[in-house]
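Accompanying notes for the structure given below.
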Amino acid sequence: MGLEVEISGLKLNNPTVLASGILGVSRKMIERVIDNGAGAVTIKSISYEGREGHNNPTVISMENGLMNAVGYSNPGAEESSKEFSGLNDMKAPVIASVIGQETGDFVKVVKALEKCGFSALEVPLSCPHTPGFGTLAGQDTPEKTGEITKAVCSATDLPVFVKLSPNTKNIGEVAMAAERAGASGITAVNTMGPGMVINIEARKPVLAFGVGGISGPALKPVAVRCVYDVYESVRIPVIGTGGVTNGRDAIEMIMAGASCVGIGSAVYYRGIDVFRKICAEMEEWMKKNGYKNIEEMVGAAHG
Amino acid sequence: MGLEVEISGLKLNNPTVLASGILGVSRKMIERVIDNGAGAVTIKSISYEGREGHNNPTVISMENGLMNAVGYSNPGAEESSKEFSGLNDMKAPVIASVIGQETGDFVKVVKALEKCGFSALEVPLSCPHTPGFGTLAGQDTPEKTGEITKAVCSATDLPVFVKLSPNTKNIGEVAMAAERAGASGITAVNTMGPGMVINIEARKPVLAFGVGGISGPALKPVAVRCVYDVYESVRIPVIGTGGVTNGRDAIEMIMAGASCVGIGSAVYYRGIDVFRKICAEMEEWMKKNGYKNIEEMVGAAHG
Amino acid sequence: MAEIPEMVKINRIVRENSDTRTFFFGEKMEITPGQFLMVWVPGLGEKPFSVSYMGEETGITVFRRGKFTERLFSMKKGDIIGVRGPYGNGFGIKDNACVVGGGCGIAPLGPLIEKLDDPLVIIGAKSSDGLIFSKRFAGAKIATDDGSSGFHGFTTDLLEKVIRNRRFGMVYACGPEIMMKRVFDMCEENGTECQVSLERYVKCGFGICGHCDIDGFMICKDGPVFCSYQLRQMKSFGSRAKLKSGKKVSVAEYAGWRCR
Amino acid sequence: MAEIPEMVKINRIVRENSDTRTFFFGEKMEITPGQFLMVWVPGLGEKPFSVSYMGEETGITVFRRGKFTERLFSMKKGDIIGVRGPYGNGFGIKDNACVVGGGCGIAPLGPLIEKLDDPLVIIGAKSSDGLIFSKRFAGAKIATDDGSSGFHGFTTDLLEKVIRNRRFGMVYACGPEIMMKRVFDMCEENGTECQVSLERYVKCGFGICGHCDIDGFMICKDGPVFCSYQLRQMKSFGSRAKLKSGKKVSVAEYAGWRCR
Ligand SMILES: Cc1cc2nc3c(=O)[nH]c(=O)nc-3n(C[C@H](O)[C@H](O)[C@H](O)COP(=O)(O)OP(=O)(O)OC[C@H]3O[C@@H](n4cnc5c(N)ncnc54)[C@H](O)[C@@H]3O)c2cc1C
Ligand SMILES: Cc1cc2nc3c(=O)[nH]c(=O)nc-3n(C[C@H](O)[C@H](O)[C@H](O)COP(=O)(O)OP(=O)(O)OC[C@H]3O[C@@H](n4cnc5c(N)ncnc54)[C@H](O)[C@@H]3O)c2cc1C
Ligand SMILES: Cc1cc2nc3c(=O)[nH]c(=O)nc-3n(C[C@H](O)[C@H](O)[C@H](O)COP(=O)(O)O)c2cc1C
Ligand SMILES: Cc1cc2nc3c(=O)[nH]c(=O)nc-3n(C[C@H](O)[C@H](O)[C@H](O)COP(=O)(O)O)c2cc1C
Ligand code: FES
Ligand code: FES
């Protein structure tokens, strides 16, 4: 029995992938995540110019999920290309996350990160809380998604994963637009909402930006449905992301149609070694239920 | 200090309103809900022809919310007008929930229920899991919402509340369309998603319909944001619905902009006397924090 | 407190009669006699069944009458089915009891009888080969419509004779609704308290959708077991029930639809 | 395990010196010395502050240096502010300890000193009127840059003299990073273990965003207190820190930005 997966040419020891925006801010940190069992890691999203992001509070933990409005803080493409260099040495594939406001911005970042040794690119068109980006900029329509995906795919030889929003009405259509434009895979999904938490004693929303994207357990059922829909719509593989916290969640996501699973908020719930823990739980369940590999479970809930 | 509220001409002893689809299937049952402290009640949605709805399982409870795909089962407008007659005797306002596929269907139901003594009508254009209705029929666009609202408002003298979906991209615009078309108020929101839960041993989605709408705690932050957005967009009052489970939740919803709060899933979490419980908790908090009435809290988190 | 069907293995299947079988699951569950489980067959549906055996194994006793139960009958030891629950309000235990089960209605009464202190048990069926649990409760009085075993007549006829001579602390009954109504009426005349287990179409099972409503009471949450005090407030008891759409029909029509 | 700021009342405010005040909240919290709270001023922002007093009241000691702390200084007894936490990994308790606090860096060391068994305490400041907690820890050795009180020189100069004559089980330090680096280097030469409390820009506070990263360690989760073993792996310790965007600059530039 094995947990290995291959997705768009990337070979992973196991199907757990660190989601973008969680921990992935430095080479040392992603090394540490890999040491803790991640099958692949995604770095925090990089824009061409550096960004300070929104003011604190930027991340809070609710009873059933996290809510964040970090606002894409990042040191910009130049700085990042220095931080993440020589990634070929890493013990697992490293995926760059590339953001921009205009289509050309994405291409500029791709070029700036060209020599780092990333194994793939992820293009989130789905952030719900950063003006100028993602859903707030309409990047989640099939048209815009097609346009940006095409531009990124022309600028690189690496596999390109397009990251979709659970808030988009017809996620299947957006996935199809990405596939047509050359995407190698889909990451589904980014955070949900946005939502808002008000502190009633303070009479104010808690996040400085007012609203934020929801991740963690509260997102899981919506993410599973999105992955299910995407799987029905396209033939390229899916990184199923959203609320995966334990081995059962991972298998649920895989049966919905994911080839591997993104893991973000679970780092908060179960610590940085959550990757190792989830793999152990998956193995145990697979043994008990007679599964030999990941592949035979992918999409098993369909039909 | 008092909990009384007036909303679109309806006088409520307190701001808790039974949400549609929960318990409101018979006259006896809504009497019981009123006896348990509800300030107003909404009956289960009625279509012109009777409907069996989806097969079981239709409702499940997840760790952080409920998921349902009941599919609008109801005995139809004729039967319902018999079940709910002489409502003027009731000790609290009773709101009819009216659904249809075509615009004309709504009007037919309104006419059939005319003599029952309802205090207001609610028009949900927002169900995420019933083909032919709500978001699956595109009733949540500003255009369709305007059209249906206008038709219903022309067919009745009662106040009309239009019930919106948290899944609609620009909920503020839809609310504005409803207001322009003559709505007296907005109910925000219906269930979220849809979502899906897969039983991995069975390799199948649990709900017979596959997907279902999410309610309860998982919905709350999204519902609060929706109410906040609607409050910024229109001047008509809002029934804030989604995940309200205790007094603090109710006040959070009110500070986001709601004039009263819908209560559905909390019946599951805290029993049928949840209305009384929430009112007691609100009173206690208001006393401690120096508030004299509901009105001074409405929209307090804005600006 | 997630309430999602969990898959359990069928440990063994016991034939009670030609159309009735008991299915045992390995799981031990915390159950009060009278409570029910929601049983899920993926891809087909989910329906309520009373717990008929409790202890190390949990059992449900199923009467074959439609496509769902037909599918259950096609299952074998080792197959898995989904279960959530237990749900509802079970029987309250009282001394000096009489227990009346008609047909498959004996199912929820099984674990009750085992908890009661020397109750008088009446088991009835159309004919002797339809009797259920007559071996499990060897001391029970038997009634058959055709007289092929025990008393010749309905369980209610037998009960009528019995309560004429003895004052019970409680009469428990489950069976066709017309039978339960008769038991209730008899008890009311006689001044005896009773508890009966009703059936209505169940959707959520946990008191939220309201579909199982019977005059403001929820079968799934307030019931399925109701006492005399509650039954007195139920105009629909013995007369009307709701179809899947919520349409109210006569109990006879409901029963027919239910067994179509 | 929701982690959302809760509003707490300021119970009292104590002036430590012209630019430093201690704010006490009524709440008693479960805290390990060295842990910090995220303090929220609605509409303005949220920043980390070490717990400087624990027990029936919880206190933070704040040095006025920018608009956030300025706003805190404008607050009065009875005002409410948001607090979440405590966060981070505090000090590990060791016998035979030396504690070195520079300026406001004495804040997290306060509750530590009260837990330690007779430690040698060194408190430093630019000049005598800048000293914090010198009355609270009357037995402490004092160092001032200008010699206006106690030893004339930096805390590190005083420490150097002290460790020449005495072998400590642990040296604890908090203050400007350049001071902590000097302490660490001295301890390394001397073969003494140390623990220091570092500062970096904190966002989430609970180990998810990664922003407080220092060479793969998270200030908010692995720290803010780090031991020699960890410090040895940190190339950036004493040299580089990240701005709000994540841009890495020299610690001096960070400190300047931080106090602008
Ligand atoms: C609380 C309760 C306990 C029950 N306990 C038992 C028991 O121990 N043994 C037993 O054999 N039967 C029991 N039943 C009845 C059982 O749930 C099924 O209704 C019955 O087995 C019909 O199955 P079927 O194969 O005929 O299904 P189908 O042919 O699919 O349906 C036939 C009819 O069954 C009824 N039915 C279907 N679904 C439901 C539902 N979700 N809720 C209620 N009725 C439904 C309807 O009237 C339907 O027309 C119980 C019902 C209730 C409400
Ligand atoms: C673990 C930890 C414990 C701390 N304990 C104390 C303490 O006990 N007493 C004390 O006076 N100060 C403490 N600080 C520093 C404190 O958090 C603030 O950085 C400082 O008070 C600056 O406030 P300001 O009024 O200058 O804010 P501003 O003028 O708004 O900001 C000035 C500078 O403060 C720094 N800063 C702002 N926000 C943060 C943040 N979220 N995380 C880290 N640095 C930030 C930045 O460098 C910024 O440029 C601690 C910091 C950390 C990381
Ligand atoms: C604090 C935080 C920051 C995030 N930042 C990014 C980001 O920069 N880019 C991105 O594509 N997604 C970002 N996300 C979304 C995650 O990558 C992921 O899609 C989402 O959190 C759902 O997965 P989870 O439930 O496992 O957390 C962020 C999420 C969190 C919680
Ligand atoms: C079982 C169930 C059935 C529902 N049926 C309806 C319905 O018929 N019509 C409707 O407008 N909303 C329906 N809803 C949505 C609720 O009215 C409400 O908008 C939603 O559940 C969010 O509120 P809550 O979190 O308090 O449950 C239903 C919700 C549930 C859980
Ligand atoms: S079946 Fe839903 S309330 Fe009983
Ligand atoms: S501040 Fe987010 S990980 Fe430390």
Side-chain angles (χ1 to χ4, degrees), chain A residues 21-33 35 43-44 46-47 49-68 70 72-76 78-80 82-83 197 199-208 215-216 264-269 271-272, chain D residues 1-9 38-48 67-68 79-85 87 200-222 230 233-237 240-249 257:
Chain A
I22 286 84
L23 298 181
V25 296
S26 75
R27 207 194 133 99
K28 280 279 181 200
M29 195 65 95
I30 59 179
E31 251 171 43
R32 186 172 166 193
V33 170
D35 286 344
I43 65 164
K44 177 145 188 65
I46 303 295
S47 52
E49 305 283 355
R51 293 174 48 82
E52 290 211 328
H54 298 311
N55 284 334
N56 275 351
T58 42
V59 193
I60 54 178
S61 155
M62 307 177 295
E63 255 151 78
N64 43 40
L66 301 182
M67 188 185 284
N68 93 82
V70 169
Y72 278 149
S73 62
N74 79 88
E78 278 312 309
E79 277 269 323
S80 299
K82 280 181 255 164
E83 178 65 42
V197 171
N199 183 306
I200 59 177
E201 281 82 14
R203 301 166 61 118
K204 276 261 178 324
V206 174
L207 292 179
S215 58
S265 305
V267 169
Y268 167 75
Y269 293 103
I272 198 169
Chain D
M1 62 176 189
E3 310 201 32
I4 296 180
E6 250 183 60
M7 303 311 288
V8 299
K9 209 170 255 171
M38 292 300 284
V39 176
W40 178 47
V41 177
L44 185 63
E46 189 190 41
K47 311 211 163 180
K67 65 176 182 315
F68 188 87
D79 286 349
I80 57 173
I81 57 177
V83 161
R84 62 184 173 100
Y87 290 118
R200 285 295 182 275
Y201 197 93
V202 171
K203 289 191 173 181
C204 69
F206 42 62
I208 179 123
C209 73
H211 197 89
C212 64
D213 158 71
I214 163 167
D215 299 316
F217 292 94
M218 289 171 267
I219 280 279
C220 73
K221 180 105 181 161
D222 305 309
Q230 294 167 308
Q233 301 167 56
M234 290 182 193
K235 273 204 214 148
S236 307
F237 172 40
R240 296 172 75 71
K242 288 198 189 112
L243 303 182
K244 194 173 167 193
S245 68
K247 185 170 165 31
K248 266 193 189 164
V249 296
W257 170 74

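The chains referred to below are lettered A, B, ... by the order of the sequence lines, with proteins before strands, and numbering in each begins at 1. Keep in mind that the numbers below use all heavy atoms, side chains included, and drop hydrogens, waters and symmetry copies.
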TODO: List the atom of A/V59, the atom of D/R84, and the distance in Å for their closest heavy-atom pair.
DONE: O-NH2, 3.8 Å

Task: Under 3.5 Å: donor-acceptor pair, side chain of A/N199, backbone of D/P5 - done: yes

Open item on the list: Is A/I30 in contact with chain D via its backbone, its side chain, both, or neither, using a 4.5 Å heavy-atom distance?
Closed with: neither

Task: Atom group of A/R51 that falls short of 4.5 Å from chain D, counting heavy atoms - done: backbone

TODO: Would you mind telling me which of A/N56, A/I60, A/N55 makes a side chain to side chain contact (heavy atoms under 4.5 Å, CB included) with D/E46?
DONE: A/N56

TODO: Mind ranking A/V33, A/T58, A/V267 by heavy-atom pairs under 4.5 Å with chain D and telling me who comes out on top?
DONE: A/T58

Task: Matching residue for A/E83 among D/K248, D/K242, D/K247 - test: salt bridge (charged side-chain N to carboxylate O under 4.0 Å, His left out) - done: D/K248

TODO: Go through the atoms of A/A208 and report whether side chain, backbone, both or neither lie under 4.5 Å from a heavy atom of chain D.
DONE: neither

Open item on the list: Please give me the minimum heavy-atom distance between A/I272 and D/M218, naming the atom from each residue.
Closed with: CD1-CE, 4.2 Å

Open item on the list: On a heavy-atom basis, which atom in D/K244 and which in A/H54 lie closest, and how many Å separate them?
Closed with: CE-O, 3.8 Å

Task: Nearest heavy atoms of D/G216 and A/R32, plus distance in Å - done: O-NH1, 2.7 Å

TODO: Examine whether an atom of D/M38 lies under 4.5 Å from a heavy atom of chain A, and if so say whether it belongs to the side chain, the backbone or both; otherwise answer neither.
DONE: side chain

Open item on the list: Need one label for D/I208: side chain, backbone, both or neither, based on atoms under 4.5 Å from any heavy atom in chain A.
Closed with: both

TODO: Could you tell me which non-hydrogen atom of A/P57 sits nearest to which non-hydrogen atom of D/G45, and how far apart they are?
DONE: CD-C, 4.5 Å

Open item on the list: Report which part of A/V206 has an atom under 4.5 Å of a heavy atom belonging to chain D: side chain, backbone, both, or neither.
Closed with: both

- [ ] Find the distance between CD1 (A/I22) and SG (D/C204) and round it off to the nearest 0.5 Å.
- [x] 10.0 Å

TODO: Find the distance between CD1 (D/I214) and NZ (A/K28) and round it off to the nearest 0.5 Å.
DONE: 12.0 Å

Task: chain D contact via A/I200 - which portion, at a heavy-atom distance below 4.5 Å - done: neither

Open item on the list: Counting only heavy atoms not in D/E6 (residues, nucleotides, ligands), do more than 12 fall under 6.0 Å from its CD?
Closed with: no

Open item on the list: Heavy-atom pairs under 4.5 Å with chain D - which of A/M67, A/E79, A/E31 has more of them than the others?
Closed with: A/E79

Open item on the list: Is it the case that atom CD in A/E49 sees more than 12 heavy atoms from other parts of the structure closer than 6.0 Å?
Closed with: no

TODO: Pick whichever of A/K44, A/R27, A/E201, A/R203 has the most heavy-atom pairs under 4.5 Å with chain D.
DONE: A/E201

Open item on the list: Please find the pair of heavy atoms, one from D/G210 and one from A/V25, that lie closest to each other, and give the distance.
Closed with: O-CG2, 3.1 Å

